[in-house]
Amino acid sequence: MSIRLENITVAVPDGTTRRVLLDRLDLEVGAGETVAVTGASGSGKSTLVAVAGLLRTPDEGRVVVAGTDATALRDRDRVRLRRDEIGIVYQSPNLLPALTAREQVEVVAHIAGNLDRVARAQAVELLTRVGLGDRLDARPAELSGGERQRVGIARALMNEPSVVLADEPTASLDPERGHAVLDLLVAEARRVGAATVVVTHDPEQAARADRHLHLQRGVVQVAATAAGAVVERSTT
């Protein structure tokens with residue numbers, strides 16, 4: 001499965017004019033592929049994640065997730081599509097203070113109405129895969145920053161999503177921990193075959209992706225391979 005953004009335009013009021021955040025942006029990410037997105041503050045990176053994550057409806061264009069045109073859906077169906085097909089890793093993992101690591105991941109199945117023995121076992125397996133098999137009963141205050149982000153990765157993968165989106169997932173970590181967490185995220189997303197978009201400010205992290213897109217004023221300026229070779233430029 002994949003995610004495809006077609007001719008996406010988003011603009012917001014800016015005084016007496018409108019400021020364009022995304023300008024006729026096209027992007028397709030295939031199953032198991034990881035695309036890194038870089039750009040200066042205000043370039044449209046977070047807006048891209050919000051649109052791809054069905055958290056924001058574009059002014060123009062289509063978002064197709066796992067073969068479904070999300071922009072044509074009713075709100076209720078769009079929420080269901082996001083719940084079932086999209087996993088999001090945020091800059092801050094936003095863990096619930098009272099819940100253990102295991103419960104943080106299980107809550108995804110609870111929201112979907114399918115928290116059973118199989119789902120509980122899956123939560124344990126995911127946490128073990130991200131290196132937290134011995135921290136299942138730890139609460140957020142007992143976890144390091146890197147460990148909390150690992151819980152966030154496991155939680156994002158709990159619904160076996162077709163698409164994984166990560167918005168600056170390592171911004172609060174030191175470079176060594178940040179690279180380790182990103183490598184883990186990419187490896188796990190590839191394992192489940194998810195189309196993955198990672199927003200990052202770190203060129204070294206971007207180089208770990210299959211493709212590297214650079215945004216400037218809502219327009220793709222450069223797309224590069226992991227080796228750094230320029231392969232396309234925007235025509236807008």
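For the pair Pro13 and Arg18, the minimum side-chain heavy-atom distance is below 4.5 Å. Inter-residue side-chain proximity for Arg191 and Arg129 is flagged as met; some heavy-atom pair is nearer than 4.5 Å. A 4.5 Å side-chain heavy-atom check between Ser43 and His214 finds every atom pair outside the cut-off. With a 4.5 Å cut-off on side-chain heavy atoms, Pro169 and Val198 count as touching. The closest side-chain heavy-atom distance from Leu48 to Leu5 is below 4.5 Å.
Under a 4.5 Å side-chain heavy-atom criterion applied to ILVMFWY residues, the cluster that includes Leu96 comprises Leu99 as well.
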Name the atoms and distances for all side-chain donor-acceptor pairs under 3.5 Å in residues 176-187, with sequence neighbours left out.
unit_1	atom_1	unit_2	atom_2	d
Arg177	NH1	Asp174	OD2	2.6
His179	ND1	Pro175	O	3.4
His179	NE2	Asp202	OD2	3.3
Asp183	OD1	Arg208	NE	2.6
Asp183	OD2	Arg208	NE	3.3

Determine all donor-acceptor pairs shorter than 3.5 Å in which one atom belongs to a side chain in residues 54-61; sequence neighbours excluded.
unit_1	atom_1	unit_2	atom_2	d
Asp59	OD2	Ala11	N	2.7

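Residues meeting the salt bridge (Lys or Arg N to Asp or Glu O under 4.0 Å) test with Arg102, sequence neighbours left out: Asp137. Residues that satisfy the salt bridge (Lys or Arg N to Asp or Glu O under 4.0 Å) test with Glu168, not counting sequence neighbours, are absent from this structure.
Sorted by first and then second residue, the salt bridge (Lys or Arg N to Asp or Glu O under 4.0 Å) pairs involving residues 64-78 (not counting sequence neighbours) are Arg62-Asp69, Arg74-Asp77, Asp75-Arg78, Asp77-Arg80.
One distance of note links CG of Asp116 with NE2 of His110; it measures 13.0 Å at 0.5 Å rounding. Annotation: the span from Arg155 atom CZ to Arg148 atom CZ amounts to 12.0 Å, rounded to 0.5 Å.
Here the shortest heavy-atom pairing between Ser2 and Gly30 reads CB-CA, 3.8 Å. In terms of heavy atoms, Leu165 sits closest to Ala52 at CD1-C, 3.6 Å.
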